[in-house]
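Below is one structure, written out as structure tokens; comments come after it.
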Number of protein chains: 2
Amino acid sequence: MMSTKSDIPSQTHIPPQTLCLPQELVASTAFLLARVGISMKVRVMDEMESAGFAGYQYGVLALLGEGATETQARIADVLGLDRSQLVGELDDLEERGLIERRRDPNDRRRHMVTLTTDGKRQLVKLRAIVKRIEDSFLEPLGEDERKQLHDVLLRVACSHDGRYKRAV
Amino acid sequence: MMSTKSDIPSQTHIPPQTLCLPQELVASTAFLLARVGISMKVRVMDEMESAGFAGYQYGVLALLGEGATETQARIADVLGLDRSQLVGELDDLEERGLIERRRDPNDRRRHMVTLTTDGKRQLVKLRAIVKRIEDSFLEPLGEDERKQLHDVLLRVACSHDGRYKRAV
DNA sequence: TATTGTTATACTCTATAACTATA
DNA sequence: TATAGTTATAGAGTATAACAATA
């Protein structure tokens with residue numbers, strides 16, 4: 001499963017320099033941001049899958065957990081997913097009784113999506129998973145460093161994506 | 001090209017709340033890190049492609065730009081790419097005269113890869129692209145905030161990936 | 001037998017297009 | 001005609017497996 005990617009290189013007549021990234025990349029904040037962000041996401045996705053949840057289902061539950069009843073189109077737009085992609089995720093969540101889809105009587109094209117009690121329970125579980133992974137990643141940082149990191153990231157995010165607006 | 005994803009939602013009898021992400025996600029440093037990191041990567045990839053470079057070619061050039069002659073296996077391992085994936089990228093770079101592959105006379109299985117003069121020139125160009133994108137993203141941050149961000153990310157990266165070691 | 005580079009194949013995501021039912 | 005949800009299809013990207021040359 002892990003192939004040979006993380007083997008200690010046993011090269012011989014190349015100086016036994018440790019496997020190490022080019023300074024140019026390590027010096028780049030963009031590079032670090034992408035690397036750390038992606039590996040965090042991968043880890044979250046993996047553990048979500050182990051917990052029986054696929055892809056972006058946590059995002060959906062988290063959004064619905066805020067209370068509002070949402071349309072599928074809105075869920076997709078807010079989360080930046082494709083509407084067609086969302087269908088499958090919702091099908092699964094619905095079958096498992098974590099969400100409910102009801103037709104909007106005022107516009108029968110629309111599905112109003114809400115979280116069930118069971119869905120809320122699962123959300124708590126998934127939230128804990130994310131929190132645990134986040135803590136493990138940010139372990140080398142002190143409390144105020146974490147706060148500062150979050151603050152800085154939020155400002156950067158806001159300046160490039162209008163969907164963060166309210167949180168500023 | 002942009003589909004309808006960024007349309008202002010014209011929903012009517014749903015309160016005209018602006019499209020906005022769940023607070024739970026916005027409050028999560030892991031989420032922000034992944035979001036910002038990925039959108040930065042996407043932007044870099046896009047602009048690289050516009051400049052005629054595909055995928056991870058910048059990484060390869062940057063690595064070779066540090067001076068050392070590297071084996072294909074080492075390039076792949078350092079950059080975290082699949083060895084088979086690397087072949088195509090190198091083929092392209094070689095055809096365009098930006099790198100050179102020579103058989104290692106001491107071990108004829110190996111290809112020693114080096115950067116050509118032209119490759120160095122292109123590297124300078126790509127470096128500028130990344131720098132420009134990074135600056136645009138980090139624009140809301142002051143000088144010392146950027147430094148602090150880089151420092152914090154580096155520490156996090158180091159604690160989860162041995163390939164950063166030297167840079168600590 | 002193990003390893004390097006290579007080629008071929010399969011699989012997962014995501015993006016696109018087409019279809020229905022409603023408006 | 002346009003939109004919401006759905007289904008089907010295609011493409012990109014990645015991972016896996018098999019292979020030839022060399023050690």
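Computed from a prediction, not measured in an experiment: that's the story for all the values here. Each chain gets a letter, A, B and so on, in the order the sequences are listed, and its residues count up from 1. Atoms considered below: every heavy atom in the structure, side chains included; atoms not considered: hydrogens, waters and symmetry mates.
The phosphate of dG5(D) (OP1 or OP2) has no side-chain N or O of R110(A) nearer than 4.0 angstrom. In terms of phosphate contacts, R74(B) brings no side-chain nitrogen or oxygen within less than 4.0 Å of OP1 or OP2 of dT3(C).
E94(A) has its CD atom 12 Å from the C1' atom of dG5(D), to the nearest Å. Remark: P of dA4(D) and CZ of R102(A) are 18 Å apart, rounded to the nearest angstrom. Here dG5(D) presents its C1' atom at 9 Å from CZ of R101(A), a figure rounded to the nearest Å. Put simply, CD on E89(B) is 15 Å from C1' on dG5(C), counting in whole angstrom units. A straight line from CG of L86(B) to P of dG5(C) spans 9 Å, rounded to a whole angstrom. When rounded to the nearest whole Å, the span between CD of Q72(A) and C1' of dT3(D) equals 13 Å. For M112(B) and dG5(C), the CE to C1' distance is 14 Å, given to the nearest whole Å.
The salt bridge (charged side-chain N to carboxylate O under 4.0 Å, His left out) analysis of residues 32-48 of chain B, with sequence neighbours excluded, yields the pairs R43(B)-E47(B), E47(B)-R132(B). Sorted by first and then second residue, the salt bridge (charged side-chain N to carboxylate O under 4.0 Å, His left out) pairs with a member in residues 111-130 of chain B read E24(A)-R127(B), D118(B)-R121(B); sequence neighbours excluded. Applying the salt bridge (charged side-chain N to carboxylate O under 4.0 Å, His left out) test to pairs two or more places apart or on separate chains, none has a residue in residues 49-60 of chain A.
Legend: residues meeting salt bridge (charged side-chain N to carboxylate O under 4.0 Å, His left out) with E145(A), ordered by chain and number and at least two apart, are R155(B). For H160(B), the ring pair (Phe, Tyr, Trp, His ring centres under 6.0 Å) criterion is met by F137(A), not counting sequence neighbours. With sequence neighbours excluded, the residues forming a side-chain contact (heavy atoms from CB on, under 4.5 Å) with R103(B) are R108(B), H111(B), listed by chain and number.
For S84(B) against dT16(D), a side-chain N or O and a base N or O form a donor-acceptor pair under 3.5 Å.
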Identify all pairs in which a protein N or O lies below 3.5 Å from an N or O of nucleotides 12-14 of chain C, and state each distance.
from	atom 1	to	atom 2	distance (Å)
dT14(C)	OP1	Y56(A)	OH	3.1
dT14(C)	OP2	Q85(A)	NE2	2.9

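In the set dA15(C), dT6(D), dT7(C), dA15(C) carries the atom at the smallest distance from any side-chain atom of D82(A). Of all nucleotides listed (dT4(C), dT7(D), dT6(C)), dT4(C) comes nearest to the side chain of T71(B).
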From CA spacing to verdict: salt bridge (Lys or Arg N to Asp or Glu O under 4.0 Å), D77(B), R83(B): CA-CA 8 Å; D77(B) 290 348; R83(B) 295 178 187 195; 3.4 Å; yes
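Cluster partners of V42(B) are I38(A), V42(A), I38(B), counting Ile, Leu, Val, Met, Phe, Trp and Tyr whose side-chain heavy atoms approach within less than 4.5 Å, directly or via other members.
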Nucleic acid footprint by protein, nucleotides 18-23 of chain C - heavy-atom cut-off 4.0 Å, B for base, S for sugar-phosphate alone: ---BBS
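Side-chain contact annotation: R110(B) with Q72(B), donor-acceptor N/O pair under 3.5 Å absent.
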